[in-house]
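All values below were derived from every heavy atom in this structure, side-chain atoms included, with hydrogens, water molecules and symmetry-related copies excluded. Order of the sequence lines sets the chain letters (A, B, ...), proteins ahead of strands, with each chain counted from 1.
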Amino acid sequence: MARVVVDVMLKPEILDPQGQAVQRALPRLGFTGIADVRQGKRFELELEGPVDDAALARIREAAETFLANTVIEDFTVRVEEEGK
Amino acid sequence: MARVVVDVMLKPEILDPQGQAVQRALPRLGFTGIADVRQGKRFELELEGPVDDAALARIREAAETFLANTVIEDFTVRVEEEGK
Amino acid sequence: MSLDTVKNAEQTPDAAQPWAELGLKQDEYARIREILGRRPTGAELAMYSVMWSEHCSYKSSKVHLKQFGEKKPETDAMLVGIGENAGVVDVGQGYAVTFKVESHNHPSYIEPYQGAATGIGGIVRDILAMGARPVAVMDPLRFGAADHPDTRRVLPGIVAGIGGYGNCLGLPNIGGEVVFDSCYQGNPLVNALCVGVMKHEDIHLAQASGAGNKVILYGARTGGDGIGGVSVLASETFDDTKPAKRPAVQVGDPFQEKLLIECTLEIFREKLVKGIQDLGGAGLSCATSELASAGSGGMRIDLDTVHLRDHTLSPEEILMSESQERMCAIVEPDKVARFLEICEKWDVIANVIGEVTEGERLEIFWHGELVVDVPPRTVAHEGPTYQRPYARPSWQDALQADAPTGERLARPTTGEGLRADLLKLASHPNQASKSWITDQYDRYVLGNTVLSVGEDSGMIRIDEETNLGVSVATDGNGRYTKLDPYTGAQLALAEAYRNVAAGGAKPLAVSDCLNFGSPEDPDVMWQFAEATRGLADACLTLGTPVTGGNVSLYNQTGEVAIHPTPVVAVLGVIDDVTRRTPVAFAEEGQLLYLLGDTEDELGGSAWSQAVHEHLGGLPPRVDLERERLLGEILIAGSRDGMIDAAHDLSDGGLGQALVESCLKGGHGARIVVPEGMDPFVFLFSESAGRAVVAVPRSEELRFNDMCTARGLPATRIGVVDGDALDVQGQFTVPLAELKDAHTGVIEALLA
Amino acid sequence: MTTRVGVVTFPGSLDDRDARRAVRLAGAEPVDLWHRDKDLHQVDAVVLPGGFSYGDYLRCGAISRFSPVMETVIEQARQGMPVLGICNGFQVLCESHLLPGALTRNDSLHFVCRDQKLRIENNGTAWTRDYAPGQEIVVPLKNGEGRFVADARVLDELEAEGRVVARYLDVNPNGSYRDIAGITNAAGNVVGLMPHPEHAVEPLTGPTTEGLGFFTSVLKQLVNA
Ligand SMILES: Nc1ncnc2c1ncn2[C@@H]1O[C@H](COP(=O)(O)OP(=O)(O)O)[C@@H](O)[C@H]1O
Ligand SMILES: [Mg+2]
């Protein structure tokens, strides 16, 4: 079965309280040198059929209308490479 | 500045109610042919310095001890390709 | 392009400005030029445009809201009235309580979760700004048709947002409303109420006085939130090297707000603040101009010192940003260090951004250049005022003439028919159990919640030693108000008042959120004028002053406005919360009394909606003296142990009240229809001024004597008994069947 | 000498006041502990209260677990000091690896607040001695991420060693594996519990007063120790 990954991140201009909380905690734990952290969602979809253009188009539509809230989020859709 | 991505997913043996809810909803919205959905987290870290082995090792440690809870989650660390 | 400074504005008087895009009218723009004696700078234009908007200036509603002051009843209870962030009421023992209800309707339609969440965040900061610890929230909500697909999008998001934000702040949710009606389809109403408690000496006001005192901005960093509107200005004035899109939605961070609350309360405890204002709509523009306007002198702000989340923001965007979780305080210079120390303790970012000056101007600098130089009152308090035309709608008479008489709407005539309608009401989304929603709210946190979900009012203990407490109820019936706005608004007050009294508390004061359509429509404006007049008159009669509130206009889709929906919140006080009266029938054998008079009043009723989808006629008659008397009886009965349960009668009438009290207590009731009374009217009429109470047998005599002596009709209608609701000679419904009908309804709709 | 029970306040703790009230009603002296302060101020036991410490961002309890106060709490817990983690406190204890397993998003995906029936499965811990074996109690439950999960080996071990302290009855409100509402460490001094006994200590404000037992139990434990 093929895997398609949809990454959903808050738009850059939108406040990301979770990312901020992580970023503030990192130096306290001794991890320095990280200028910014943003936290988003990752969906792994296992497709039954082949990952052709039609399938990807449908997933893009699902991402646009359902997986992401495009009022505040951006998304990317990609096919997971073999062997991962 | 360089970007490192940490993906955190629930271990396969742990029930993922969020992924399941998405999977159940998809056919209702007209998106069929998706056999399984899992939902995880994606962290985008902007590094101040170069992304060398030392930096990656530190981020792996941060993921192991902090970004993921390895009791229930797996993680991967990767450098985001240019131009994305 | 270069920065639009005051100097630049003086030198380029004819430069074109996007005042129309910013929502200003030609004469408003002319007035700004007149006030300033020159054209405004871009930053000034932005400030005036947002502060003179309907939302901030109340330009359409002000002339009507005035009545709340003019008709204010005599009372010693009001410590701070309309005009501040929220009103403050004396509740005795040195305590003061502040409460206010506000709307976040439009944002919640666009982005339900964040819109509703930031609605809670905003009202909580208003309460905090008065000097009080926020102690509870409530959420009056209106949605479109329960079975409409968009309701499935909007409702779960709004509920999750209210819960997500309120739960994370640690504020118990002690009540609210959920009403479905297709008139709210494109305009759900998300009203949010917060209650706060303080000692009298802790009251703080939003004013900047004392030249040399520092202005401190603290809380979240300032980003581009909610400045979609001003981006026209940014795009005209500046090059396009910045992100093209400015988010119109604000995202809340309840964790940051929780820190802001604890930090601010610690700052209050150490008396470090001269004046304080939350940042809400219009952000820094509003806070600085309001603080300066209410204070003694001028103010000088250096925008470069504002902590930014987005470094590409222009000065006008910084002034307009509606980034959440921020406050602005006026602090004497020698207290600044300690102030900042407390902020550091709570991980709250704080910055001195300016100071109070001798002058009378609000001056704002950017990169050393003067970009704003205005008289603050003209921005904050002297905006335009409209006398919008209004007229009784042409359709009003026909609507009122369409009364739900027996000929117009078929009424059940048999026991079977009555039973079917009772179940239809109990299982209608408007009357069904709301536990799917309320179970998502924490009602226990803080450990002082005495009454909450499923009760007539939310009640909290405010002193653990003396058991002093307060309660709040919110009500508003858009259907009644559509039929007759004057009466509808009064009924909203009467119902909230009755709900507070039913819990055993004495009603003291009112806050309101007036949700209406477009003020540019004379029909809507008439509804607004009538409703405010009705509310003001009723507040005078009942002796409960309006302490503050909010107006939300333009709730309409195209030409179609929502039902006029004034939501009225009544605050009451109770000396001993252990004497509160719950709604549940908990003791077998207790006697059930119906208080008040029942007439054939079904206009706008839940029955006419659930069974016939009909709206017409007149709403129930209002008798405020009767409401007051009923309130007195309910309070005395609770205080003196004569009543163990009480439930006010409102939508769905006696039938629905019995269903709720039986289910809540897990006991049935045997009911006898009084001699000469039509069983249908008895069960489903919505006559106002009524309640059903459970009286212990040992108290029956005393209770009857009290009602007789005071002249309140009290009819014995039955007894708490068994495990069915049994209306003798008519029908019986087992509790299990009632429960089945009443629960799971919302879940099923959303599944 | 009265027993001193510390209640930690993290940024975002909410039920700390309630926990202190419960400690007081049980007859002990509540002591405020601050997350940045390593010093436990000679307390005899510690409660990690409910709430949304650090907003529950990243994972519930994940950030608090690294606070200075937790360094000492972890050290003292290993030496036998009684520690009770309620809700968010339970999450902190799991993140600290003082207790096994993890608490994840409710299977309903909603926050849930309800009066919950529980059975006390182990009345031998520092925090449950005042309950009868198998006693059924009702206390409030309120969480969004309360689903206890662990792998089968850990679950079997918990069962075999009697380390399940409380189990949900009638309704499993969050999908916890094997209806687990609370667990203990092997020594019985560290207990994590998802429901909120501190909200069931007064008839006026709670559904019952059956939560008080947790707080009186630890007093007896300390007096007898
Ligand atoms: N419907 C109303 N009834 C009474 N007072 C109102 C109403 N609407 C607004 N007010 C009062 O007008 C003042 C300004 O309101 P608003 O700008 O909403 O305040 P804030 O910005 O603090 O939320 C407040 O004192 C508010 O209580
Ligand atoms: Mg305000």
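In terms of heavy-atom pairs under 4.5 angstrom with chain B, the leader among A:L67, A:T32, A:V6, A:V4 is A:T32.
Neither the backbone nor the side chain of A:Q18 comes within less than 4.5 Å of any heavy atom in chain B. If you measure heavy-atom distances from A:I34 to chain B, the contacts under 4.5 Å come from both the backbone and the side chain. For B:E61, the parts lying under 4.5 angstrom from a heavy atom of chain A are both the backbone and the side chain. Contacts of B:F43 with chain A are made by both backbone and side-chain atoms, with heavy-atom separations under 4.5 Å.
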>> Before you tell me yes or no, could you show the steps for B:L45 and A:F31 under side-chain contact (heavy atoms from CB on, under 4.5 Å), namely the whole-Å CA-CA distance, both residues' side-chain angles and the distance that decides it to 0.1 Å?
In response: CA-CA 12 Å; B:L45 314 182; A:F31 301 106; over 6 Å; no

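Residue pairs meeting the side chain to side chain donor-acceptor pair (under 3.5 Å) criterion with at least one member in residues 44-60 of chain A, sequence neighbours excluded: A:R3-A:E44, A:R3-A:E46, A:R42-A:E44.
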